Amino acid sequence: GLLGVVVWKGSWVILEPLTAAATYMIYSLWHQQYYSPDAFVVTLLFLLLFAVLFYSLHMAHIFRRTKPYPELRVVVAGFNTFLYFIEMYVIINPPYHNWMGIVTLILGSVYFLTSRVINHRRPDALQASTQYTLTAIIFLVVATAIQFSGFTTVTVWAIEALFLAWCGVRWKLRHVWITGLGVFAIAGFKFLFTYGALSFSPIQSFTLFMNGRDLAFLVFAATTGVATMVFKHTEGGRPTGIRTALHYTWCTTLFIFLT
């Protein structure tokens, strides 16, 4: 009912964050006291209902061109996405961890398709399109972290980062290629702090070739190397700080691998 009021009375925007906060707070209190595995399906359906209500509200604002307080509406939409995913993760991950990564990827696909619809029907709504695109990318990165571990995560993240960089440069989407560079950075830090990347104990059980570590080193070096060519098409092909950093990255990675 309150969400219906918000749709027709755009100036009553304060009801939107209050309703979202109250909805998830009441759910959280119920979950802590009364949830049991027998209520798994029903709980997921109610969570989905909450998320769809606030998602639909944001879509209504976008396509009805609601103007008052657009920044607040963006925050509420992000708040809804974040809380829905956290609550869903708490429900699904413990009993069905192997499915959690796939569920996260599906959720990211929904947000990606939403960004394409917004871009097609409201090409002037750049803020909303960017928000949903970045949300989809975040879900892709998170799905990888959930589904894989160790060096496999680094390998997949590096491939995703190269793909994002290429897409961003190809379609002149600055926020996408910047995010791709961010994923490269995350993959690099994950690599450094993964056990066995720079040292191994006991050394007698270390496999020198044909292991996940070697693949991660080679893929990370290759993707950052190819990324230098991707960014060659920016700024008229002149050397940039980005290309210089990527050159240092792939050279350093290959040097560490060989030594």
Side-chain angles (χ1 to χ4, degrees), residues 3-4 6-17 19-20 24 47-86 88 101-145 156-157 159-186 227 230-231 233-235 242:
L3 296 185
V6 172
V7 171
W8 296 108
K9 293 287 186 179
S11 59
W12 294 18
V13 66
I14 190 62
L15 290 178
E16 200 168 325
T19 304
Y24 283 102
L47 272 176
L48 181 61
L49 176 62
F50 299 153
V52 169
L53 283 174
F54 290 102
Y55 168 88
S56 301
L57 177 62
H58 195 222
M59 291 298 101
H61 288 319
I62 293 171
F63 295 119
R64 286 166 56 92
R65 301 175 185 269
T66 306
K67 293 182 179 180
Y69 308 103
E71 294 80 9
L72 181 59
R73 302 185 194 283
V74 167
V75 171
V76 173
F79 179 77
N80 172 56
T81 302
F82 175 75
L83 287 185
Y84 170 66
F85 177 75
I86 293 298
M88 183 182 64
I102 298 172
V103 170
T104 305
L105 191 61
I106 293 173
L107 189 58
S109 300
V110 171
Y111 278 83
F112 174 75
L113 291 175
T114 301
S115 73
R116 296 304 89 202
V117 171
I118 294 172
N119 191 57
H120 177 70
R121 295 184 57 186
R122 281 286 315 276
D124 57 315
L126 295 179
Q127 185 182 52
S129 177
T130 299
Q131 177 186 8
Y132 281 87
T133 300
L134 293 178
T135 301
I137 293 172
I138 291 171
F139 277 129
L140 173 65
V141 173
V142 172
T144 302
V156 179
W157 272 349
I159 296 171
E160 292 170 354
L162 177 60
F163 178 71
L164 292 172
W166 179 81
C167 288
V169 172
R170 171 66 177 79
W171 284 285
K172 296 180 174 59
L173 300 172
R174 181 181 175 85
H175 58 283
V176 174
W177 64 253
I178 288 178
T179 306
L181 292 176
V183 177
F184 268 130
I186 294 172
V230 169
F231 284 102
H233 300 290
T234 63
E235 299 185 21
I242 294 173

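All heavy atoms count here, side chains included; hydrogens, waters and symmetry mates do not. As the structure is a prediction and not an experimental result, all values here were calculated from the model. This chain uses plain numbering: 1 for the first residue, then up along the sequence.
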Taking the side chain as C-beta and beyond, is there a heavy-atom pair between L105 and F139 under 4.5 Å?
no
Less than 3.5 Å apart, any donor N or O on the side chain of T114 or Y55 sitting next to an acceptor on the other?
yes
Derivation of the side chain to side chain contact (heavy atoms under 4.5 Å, CB included) call for Y24 and I86
CA-CA 11 Å; Y24 283 102; I86 293 298; over 6 Å; no
Could I get the full list of ring pair (Phe, Tyr, Trp, His ring centres under 6.0 Å) partners for F112, not counting sequence neighbours?
none
Distance from L140 atom CG to T135 atom OG1, nearest 0.5 Å?
12.5 Å
Can you tell me how far CD1 of I137 sits from OG1 of T179, rounded to the nearest 0.5 angstrom?
4.5 Å
Kindly indicate, with the supporting measurements, whether the criterion side chain to side chain contact (heavy atoms under 4.5 Å, CB included) is fulfilled by F50 and N80.
CA-CA 8 Å; F50 299 153; N80 172 56; 5.5 Å; no
Taking all non-hydrogen atoms of both residues, which atom of A20 and which atom of V76 are closest, and how far apart?
CB-CG1, 4.3 Å
Between V103 and L107, is any pair of side-chain heavy atoms under 4.5 Å apart?
no
R116, CZ: over 12 other non-hydrogen atoms inside 6.0 angstrom
yes
Under 6.0 Å from the ring centre and within 45 degrees of the ring axis: does the NZ or CZ of R121 meet both conditions for the six-membered ring of F63?
yes
Assess the residue pair F54 and F79 against the criterion (side chain to side chain contact (heavy atoms under 4.5 Å, CB included)); give the C-alpha distance rounded to whole Å, side-chain angles, the decisive distance to 0.1 Å, and a yes or no.
CA-CA 10 Å; F54 290 102; F79 179 77; over 6 Å; no
Could you state the interatomic distance from CD1 (I118) to CG (L113), rounded to the nearest 0.5 Å?
11.0 Å
Could you tell me whether the side chain of L48 reaches within less than 4.5 Å of the side chain of M88, counting heavy atoms only?
no
Working for ring pair (Phe, Tyr, Trp, His ring centres under 6.0 Å), residues W166 and W171:
CA-CA 8 Å; W166 179 81; W171 284 285; 5.4 Å; yes
State the CG-CG distance between L47 and L83, to the nearest 0.5 angstrom.
10.0 Å
Going by heavy atoms in the side chains, are V142 and F85 under 4.5 Å from each other?
yes
Of the options T144, V141, I138, which is the one that meets V183 in a side chain to side chain contact (heavy atoms under 4.5 Å, CB included)?
V141
Separation between CD of Q127 and CD of E71, rounded to the nearest 0.5 Å
6.0 Å
Looking at V176 and C167, what are the two nearest heavy atoms and their distance?
CG1-CB, 4.4 Å
Taking atom CZ of F163 as the centre, does the number of heavy atoms from other residues, nucleotides or ligands within less than 6.0 Å exceed 12?
no
Can you confirm whether the side chains of E16 and H61 place a donor and an acceptor under 3.5 Å from each other?
yes
Which atoms form the tightest heavy-atom contact between A143 and G101, and what is the distance?
CB-O, 3.5 Å
Using the rule given for side chain to side chain contact (heavy atoms under 4.5 Å, CB included), can you reason through L162 versus F184, listing the C-alpha separation, both sets of side-chain angles and the distance that settles it, and then say yes or no?
CA-CA 8 Å; L162 177 60; F184 268 130; 4.2 Å; yes
Looking only at non-hydrogen atoms, find the nearest pair between Q131 and A77 and report the distance.
NE2-CB, 3.7 Å
In terms of side-chain heavy atoms, does Y111 have a donor or acceptor partner in T133 at a distance below 3.5 Å?
no
Answer yes or no: is there a donor N or O on one side and an acceptor on the other, between the side chain of S129 and the main chain of A125, under 3.5 Å?
no
Heavy atoms, side chains only, cut-off 4.5 Å: are W177 and R170 in contact?
no
To the nearest 0.5 angstrom, please state how far the CG atom of L173 sits from the CG atom of N119.
8.0 Å
